[in-house]
Amino acid sequence: MPSFQRIAVIGGGPAGALAAAELARAGRDVLLFDEKLAWEKPCGGGLTDKALAQWPFLRDAQVERNWVSDCELIAPSGRRVQFPLERPIAIFARLKLNGLLLDRARDTGSKLLRERVLQIDGDAGGWLIRTASGSYSADFVVLAAGARNSLRSRFTPALGPENFMVAAGYYVPGNHHTVQIKFLKDLHGYIWIFPRADHFSAGICGRMQGKSMAELRRILEASLPEFGLSLDGAIFYAHIIPSLTPNALRNSSFAGNGWAMIGDAAGFVDGITGEGLYYALRSAELLSEALIDNAPERYPALAKNDFLPELERAARIADRFFGGEWLGAPVVERMIQLTQRSARFREIMRDLFSGAQEYADLRQRVYDQLPRITLEAALSTLWNTLARRGANRQLSLGDSVLRA
């Protein structure tokens, strides 16, 4: 059985940093390459309760974050619903989160190199990593440098544009404790307002084969006043988000002889929510376990038995979620309506946001509770109608008194 003692991790984001820390702690010689190391990646930066429970050090670390206790959803029609989250979400600036994880990797013995990898030559047990500063040897290569990294093609065919979303956004001064998500007609994506400790990450995402980056930016800028935000002091960002098709998730190679991909590099992102941090960390953890057991060939099976089915389900239903109908209305409109009018449906939404509710049994849970959800919604509608009529009668009575 080959021994993988010298490991090169290319990419210092959460996936690469966690893998480096776990492998170095187990006695491996780890080189971690990243041309920026800790930096402010343009994304929301949210960690759900599911992630915080899996890695308690992220909950307990003395690092700046914002605890979000409420969520507001906005439908294309303008219908809004706000509800408290039973399990708060921790919103990190990525500079802080990446810095925390990189410090952890360094403290466990990883060697951090602020260098850009230009080329990878060789094969398992004899990789040669070339940077602008020199060359380094490794037995195993972990690629954690993003889905559009040019090094990816060294190991597996490039992904087509159908496997990506584009995102544009701004870091805007300000703060509160509510995540806001707005869905738009004819957009396979959404606007997000994620409140960090001292600013908002306000962004918009959509299919790469849909609207252009410039179109998305204009839509976002026109929408910011709705959230009480302006571009004064704002900093623009743009990036690419993996959103693999079901076929790509099933058939794309993310591991081979002497190499493996984790996180965004492997395309491990939820095709509906855009959630990537949990899957970045989990894929890093599973690969590390396989390498520590000196059996990296087990990594694909571990991923397929753990989180890949969930990502495939998200990919299969994403088009219907953003563009289909349910119970006689667009899915998003009906979802927000039921969240507004049914306590049972709000509980399902809370569990989705916390990570406690997976897609595997979501449909069955909804349909098992649909009679009660429908009754609650009908009673809420009736109550609101009667309340409005009562208010109108009081107004009419007041008008009559004043005229008299």
Side-chain angles (χ1 to χ4, degrees), residues 1-11 13-23 26 28 30 32 50-51 54-55 120 122-127 129 138-149 151-160 162-164 241-271 275-316 318 358-360:
M1 181 182 293
S3 175
F4 300 103
Q5 181 63 29
R6 302 169 303 162
I7 299 174
V9 179
I10 302 170
L18 183 67
E22 296 301 306
L23 292 166
R28 300 298 194 268
V30 179
L32 187 152
K50 178 180 178 180
Q54 183 73 25
W55 301 284
I120 303 173
D123 51 28
W127 296 109
I129 315 298
D139 303 318
F140 195 95
V141 169
V142 179
L143 191 61
R148 294 301 292 270
N149 187 280
L151 297 171
R152 195 178 190 278
S153 61
R154 170 67 178 79
F155 303 101
T156 190
L159 294 168
E162 71 277 7
N163 293 293
F164 296 95
I241 304 172
S243 183
L244 272 58
T245 64
N247 182 63
L249 279 166
R250 284 192 300 269
N251 300 317
S252 294
S253 296
F254 56 89
N257 187 22
W259 64 272
M261 298 178 186
I262 53 179
D264 281 10
F268 295 152
V269 174
D270 186 310
E275 161 67 30
L277 279 173
Y278 174 83
Y279 302 105
L281 296 170
R282 185 59 177 152
S283 60
E285 188 172 60
L286 293 176
L287 174 61
S288 299
E289 290 174 6
L291 275 167
I292 290 168
D293 290 341
N294 215 34
E297 68 278 1
R298 291 176 45 227
Y299 168 55
L302 291 173
K304 288 173 182 175
N305 290 330
D306 191 284
F307 61 81
L308 267 180
E310 185 75 353
L311 295 183
E312 289 182 21
R313 291 185 191 98
R316 284 198 301 271
E358 295 190 340
Y359 298 121

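All values reported here derive from a predicted model rather than from experimental measurement.
- R28 contributes a side-chain N or O that, together with a main-chain N or O of L291, makes up a donor-acceptor pair within less than 3.5 Å.
- Here the CZ-CD1 distance, from R152 to I10, works out to 13.5 Å after rounding to the nearest 0.5 Å.
- Among all heavy-atom pairs drawn from L32 and A20, the shortest one is CD1-CB, 3.6 Å.
- The backbone N or O of A280 lies less than 3.5 Å from a partner atom in the side chain of S283, making a donor-acceptor pair.
- If you take CH2 on W259 and CG on L143, they are separated by 8.5 Å, rounding to the nearest 0.5 Å.
- When all heavy atoms of E22 and I292 are compared, the pair lying nearest together is O-CD1, 3.8 Å.
- In this structure, G267 and L244 approach most closely via the heavy-atom pair CA-CD1, 3.6 Å.
- For the atom pair I241 CD1 and D270 CG, the distance stands at 11.0 Å (nearest 0.5 Å).
- The ring-ring contact (aromatic ring centres under 6.0 Å, His included) analysis of residues 280-312, with sequence neighbours excluded, yields the pairs F254-Y299, F268-F307, Y279-F307.
- Residue T156 comes nearest to M261 through the heavy atom pair CG2-CE, 3.4 Å, listed as atom of the first residue, atom of the second, then distance.
- Distance alone, capped at 3.5 Å, is enough to place a donor-acceptor pair between the N251 side chain and the N247 backbone.
- At least one side-chain heavy atom of V142 sits under 4.5 Å from a side-chain heavy atom of I7.
- Between F4 and D139, the shortest heavy-atom distance links the atoms CD2-O, 3.7 Å.
- Side-chain atoms of N149 come within 3.5 Å of backbone N or O of L151 as a donor-acceptor pair.
- In this structure, A145 and A265 approach most closely via the heavy-atom pair N-CB, 4.0 Å.
- In this structure a side-chain-to-backbone donor-acceptor pair under 3.5 Å is missing from S153 to A158.
- Judged by distance alone, the side chain of W55 and the main-chain N or O of L281 form no donor-acceptor pair under 3.5 Å.
- One finds the NZ atom of K50 at 4.5 Å from the CD atom of E358 (value rounded to the nearest 0.5 Å).
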